[in-house]
Structure formats: structure tokens, C-alpha cells
> 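Right, I'll just put the structure down here and ask away after.
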There are 2 protein chains.
Amino acid sequence: MRLTRGDFVESQCVLVVDDDKEIRDAIEIYLRNEGLQVIHAHDGLEAIEVLRGHTIHLIILDIMMPNLDGIKATFQIRKKMNIPIILLSAKSEDTDKILGLQIGADDYVTKPFNPLELIARVKSQLRRYVTLGTFEGNDKVVKLRELVLDPVAREVTVSGEPVHFTPMEYKIFELLITNAGRVFSIQEIYERVWKEPYYDTSDNTVAVHVRKIREKIEIDPKNPRYLKVVWGVGYKMEK
Amino acid sequence: MRLTRGDFVESQCVLVVDDDKEIRDAIEIYLRNEGLQVIHAHDGLEAIEVLRGHTIHLIILDIMMPNLDGIKATFQIRKKMNIPIILLSAKSEDTDKILGLQIGADDYVTKPFNPLELIARVKSQLRRYVTLGTFEGNDKVVKLRELVLDPVAREVTVSGEPVHFTPMEYKIFELLITNAGRVFSIQEIYERVWKEPYYDTSDNTVAVHVRKIREKIEIDPKNPRYLKVVWGVGYKMEK
DNA sequence: GAAAAATCTTAAAAATTTCTGAAGAAGTAG
DNA sequence: CTACTTCTTCAGAAATTTTTAAGATTTTTC
């Protein structure tokens, strides 16, 4: 594991995981050029080690690696945290597997890749996640009238009373309240929360969770003041 | 299926659907050359799968394909989303040409095609849709005297008062107000909002919706100050 | 001014979307 | 293994929207 510059708070930090040092170095140059911090790891185990001790904003994971490969690593990381993961795969055939497995990566790039394309994807993911409120800078407590969400404690209170949220409920609630006022289509909610392609029945799944959330945050769930439906479009948290 | 995936804000993403990999690859090269992202699918079913999970800005669809052909795929896609579709077909299938455009495709190219022509059509469609306000870029609030449309919140206010719009009403209103001053024929409104071929009775449908919109934004719906009729031509939003 | 054409209006039928409760599946902790 | 929680699916109900239909009104044309 090699550290490149200290942990800067202003700048975002990318973890590059590949057993080939040359590739890591090449990627680093481009990321640094964009003002991003870079930390290296040469396999999945080391990557998880790094994640324990550092604040990482995005992970670039090679699939073919010794010890713990990129796919398994993605699984393990996903269980623990909500962080953008970009997979690197050697050949286009591998991408079939990635897609079929639906392992929860946010994006992937085939090797050999165009550095500019990789950078574009990195920036795109970083932008996307910033609005999600998963980063340090956005770890502030979110308040909306009686509702308070504390991302660090992973706790929600309604009028001061703590309320228990299941994992899925929490993720949906977090997405909506950190983007209060914005409408999300059901498909977008499903993709951003589940990180899986949207099925025909997924909208019903989302609807059931929305109902559960309403039971917990609304005085009258049938006439919600917060979590409103926008007919034919999706849901939004009323500001 | 091979993917070059991701939500690009800078770059737009084109889905190329053809069962012939060589053709897909050839098209990809030209599209990439224009700075466009490309995703492949080898038939209509796969295309729809991809659309569920990705942000796509334009679709190039071959007509002759296994499983779900281009025409059926166009129907299904049109039902769900507002996205430019360009159909590809062999020269002999000229009859399909008319059919293709009527079912909701935006343009049509015969094989073998001149790549430059295809690119020109792709860019033309992207330009057209960008100005239509269907993409992320058009997230700005639109104001017109007392009327304010906020696309992010999907909310309309009249003199500060929020007004509820149904999906169809909203789409028509959005089209007219984002192009205030321009006249739209009823047929054009129908095609751009419904994405379906215009029927005999469609003008009545549009008229009913126009009435509903007027009730919501006009002080005196019988003497509209905003949504005006241009006799024998269509409707326009008065600037 | 009368006929033709285009637009407007209202209400009810049809279609679509969302909501809900319950049951079973899947996953976790003891 | 059992008890417990959480997630997904289903089917029907409820709510909302869209379309249709049948005139009524307005504008244009001759």
C-alpha cells in the first residue's frame, strides 16, 4: 500500500486497486491531474484494509487480482458502505459476467481504456454521489421541519423521537431528504438505492417501502405532508 | 451484451441495437469520434433491459432482429419514454419506412448507409431533443410573468401559488412555456407530447387538456392571456 | 348572412397509477 | 435449528388521470 500525499479534507480521494503497478501509476497521473488524491492497493484484501483506515470517495477496482478479486471485493464493500465503485475488466467478454451478476458496481471500463473516458466516469460518479450525502462534507445532520436525519449515527428522529428504519427504508429516506424538493422517478429511486437494474415489479417494491416510511414519519400516512407522490412521475420529499 | 456504461453529463450516451456485432462496432467508432458514449445490445429485449438501467440519450435500432424486432421495440420504448429513436433497415424493406416513422421513430436510415449521414442524423436528433427540454441540462426554472415552472421540483406556480398539473398537462405546458412565443400546431403538440401518431380524434384530446391548463393558469379561461389559440394553426404561449 | 371549419366545453367511461394488507421468501442472530 | 426481522411479491382496492363523445360556440369563407 502506498500513500500519495496526506489526507486532504478539501480534495476527494480515490482508491486505485490493481495488481499491476504500471496501470496504477498511469491512472494516478490522470487522477492527480484532476486534483484528486490517490491511494494504491494491489489486491482486494489490501483495498478493504485501506477502506478501514482512510476516507475514500471512490474506488477503481480491477477484476483480475490475486487474493480477493474485484467482484468479490465489490460484494464485501457493498455490504458495508455506499461508495461509488468502478470496475476495470480485461476483456469485453468479462463484462457479460459483470452485468449478469449484478454485483453492485456503479460503472465499469474495459481494458485497454481511454484515460479520458475513465476520468470522465470518475468525475461523473463523484458528482452523482455528492448529492447523495454520503461523503464527509455532506455528513451533516439534515433537518426538515420535524424530521432530522443524522447520517453519522444513521439515526432518524421525528419531533425528537427516534424512529427505527430498516436498511432499505433508510436509504430511500436518505436519498429523498438530502434532495428535498426534487422529484425522483420510481426507476431512479430503485437504481440509486438497490443498485440493480429496474424490473417490472420494482415499482411495487418501492411503493411498499414508501408506505412503510410514511407510517413512520407522517402523522396521517394517507395525507402525507412530507413524502409526496407526484402522479405519473415519482416521489419527492416536500420542502 | 457489451457495455460502456455510466451517467455522463458532459457526454451523451447512444444505445446501438443490432444483432450484427460488426455493424455495432462500426457505428460505435463513428459515434465515439463525435465524443458520444456507446452502449451495445444485440436485440430489442436486451435494449429494453439496458434502458431500464442506464441513462440513454438516443437509440439506434435495427429493424431485423431476433426476439424483439425494431418495430415492436420502438412501440414498447415509446410507451415508456421520450427519447429519440433512429431505425436502421435493409433497402428492400421500404414499406417499413412509413411504418417505422408512424410508430414513433424519429428518423430512419437504410442499410448500407453512409456513416456520415447516420452521424448527421444522430446529431440532428440530439440537438432537437436537447432544445425540447427532455435532458438534464434544461433544469433551469422557467418564468413568464406570473407563471413559474420548476422542472427539478416538477412544480408550477401561478403568482406564487403552487398549482397541480397532471402528467399530460405538465408536458404540454412545459413544451409551450419553454418555447414561449412560438406557435405549435395541434399535430405537433400531440406528437411531441404523446410520442404517438396523430389520430382524427387527437385534436379533441389536446383541446381538452388545453382547457384544463387554462383553468389552472388563466384568470379568465375564456379570454386567455397566456395560452392563446392561433386560429387555423395551433396554440402558443404568449410572451 | 348562411354554411363550413375550427375550437371549446362538459360529463362520463375507460385506462392507468398508486396504495394496501397479507403471505411467503430470504436473510440474521441467538 | 429456531425465532426474529426484513424484503419481495401478489392481488385487489382506491385514487387519479386520460380519452371519448356529443353538442355548443366562435371564426372564417363565400
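Sequence lines set the chain letters: A, B, ... in the order given, protein chains first and strands last, and positions in each chain run from 1.
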> Name the residue from B:Val183, B:Ile172, B:Ile186, B:Val230 that meets the side chain to side chain contact (heavy atoms under 4.5 Å, CB included) definition with B:Tyr235.
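The single option meeting the side chain to side chain contact (heavy atoms under 4.5 Å, CB included) with B:Tyr235 is B:Ile186.
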
> Can you tell me how far C1' of C:dT9 sits from CG of B:Asp203, to the nearest Å?
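So the CG-C1' distance, B:Asp203 to C:dT9, works out to 14 Å.
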
> May I ask you to say what B:Val210 touches in the nucleic acid, namely base, sugar-phosphate or nothing, with a heavy-atom cut-off under 4.0 Å?
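It contacts nothing in the nucleic acid.
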
> For a side chain to side chain contact (heavy atoms under 4.5 Å, CB included) check, start with the C-alpha distance between B:Leu147 and B:Ile217, then their side-chain angles and the critical distance, and finish with the verdict.
CA-CA 8 Å; B:Leu147 309 181; B:Ile217 65 172; 4.0 Å; yes

> Between B:Arg192 and B:Phe184, is NZ or CZ placed under 6.0 angstrom from the six-membered ring centre and within 45° of the ring axis?
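Pair B:Arg192/B:Phe184 does not count as cation-pi.
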
> Any donor-acceptor pair under 3.5 Å linking the side-chain atoms of A:Glu146 with those of A:Tyr226?
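The criterion, which ignores hydrogens and geometry beyond distance, is satisfied for A:Glu146 and A:Tyr226.
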
> Would you say the ring centroid of B:Phe173 lies under 6.0 angstrom from that of B:Phe165?
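Centroid separation for B:Phe173 and B:Phe165: below 6.0 Å.
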
> I want to verify a distance call: between D:dT20, C:dG21, D:dT6, whose nearest atom is closest to the B:Val208 side chain?
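Closest nucleotide among those given: D:dT20.
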
> So which nucleotide from D:dT9, D:dT6, C:dG21 ends up closest to the side chain of A:Thr201?
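So the nucleotide nearest the side chain must be D:dT9.
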
> Using OP1 and OP2 only, check whether a side-chain N or O of B:Arg214 sits under 4.0 Å from C:dC8.
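So the side chain of B:Arg214 is within the cut-off, an N or O lying under 4.0 Å from OP1 or OP2 of C:dC8.
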
> Counting side-chain heavy atoms from CB outward, which of C:dT7, D:dC7, C:dC19 is closest to B:Ile186?
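It is C:dT7.
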
> Write down the distance between CZ (B:Phe165) and C1' (D:dT18), rounded to a whole number of angstrom.
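Nearest whole value for this atom pair: 16 Å.
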
> Does a side-chain N or O of B:His164 approach OP1 or OP2 of D:dT17 to a distance below 4.0 Å, or not?
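Yes, because at least one side-chain N or O of B:His164 sits under 4.0 Å from OP1 or OP2 of D:dT17.
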
> Could you give the NZ-to-P distance, from A:Lys212 to D:dT5, as a whole number of Å?
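So the two atoms are 13 Å apart, to the nearest Å.
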
> Looking only at side-chain N and O atoms, does A:Thr205 come under 4.0 Å of OP1 or OP2 in D:dC7?
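For D:dC7, neither OP1 nor OP2 has a side-chain N or O of A:Thr205 closer than 4.0 Å.
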
> Mind calculating the distance between CH2 (A:Trp194) and C1' (D:dC7) to the nearest angstrom?
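That distance rounds to 9 Å.
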
> Tell whether B:Asn204 reaches the base of D:dA21 with its side chain through a donor-acceptor pair below 3.5 angstrom.
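In this structure, the two groups form a donor-acceptor pair.
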
> Just N and O in the side chain of A:His209: are any of them under 4.0 Å from OP1 or OP2 of D:dT8?
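Looking at the OP1 and OP2 atoms of D:dT8, one of them is under 4.0 Å from a side-chain N or O of A:His209.
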
> Over how many whole Å does the gap from A:Lys228 atom NZ to D:dT16 atom C1' extend?
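Atom-to-atom, A:Lys228 to D:dT16, this comes out as 16 Å.
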
> Please determine whether the number of non-hydrogen atoms from other residues, nucleotides or ligands lying under 6.0 Å from atom NZ of A:Lys216 exceeds 12.
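Yes, enclosed.
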
> May I ask you to say what A:Tyr235 touches in the nucleic acid, namely base, sugar-phosphate or nothing, with a heavy-atom cut-off under 4.0 Å?
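Sugar-phosphate: the residue A:Tyr235, judged by heavy atoms under 4.0 Å, touches backbone atoms but no base.
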
> Please report the distance, rounded to the nearest Å, between CD1 in A:Ile172 and P in D:dT6.
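Atom CD1 in A:Ile172 sits about 14 Å away from atom P in D:dT6.
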
> Can you figure out which of D:dC7, C:dT18, C:dT10 approaches the side chain of A:Val229 most closely?
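Of the options given, the side chain of A:Val229 lies nearest C:dT18.
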
> C:dT16, C:dC8, C:dT9: which one has an atom nearest the side-chain heavy atoms of A:Trp231?
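Ranking C:dT16, C:dC8, C:dT9 by closest atom to the A:Trp231 side chain puts C:dT16 first.
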
> For C:dT9, take OP1 and OP2 only and decide whether either is under 4.0 Å from a side-chain N or O of B:Arg211.
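Looking at the OP1 and OP2 atoms of C:dT9, one of them is under 4.0 Å from a side-chain N or O of B:Arg211.
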
> How close or far is atom C1' of D:dT6 from atom CZ of A:Phe173, stated in whole angstroms?
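Those two atoms, CZ and C1', are 19 Å apart.
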
> Base, sugar-phosphate, or nothing: which does B:Thr166 touch, judged by heavy atoms less than 4.0 Å apart?
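Contact class for B:Thr166: sugar-phosphate only.
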
> In this structure, how many angstroms lie between the P atom of D:dT20 and the CE atom of B:Met168, rounded?
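Distance, rounded to whole Å: 12 Å.
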
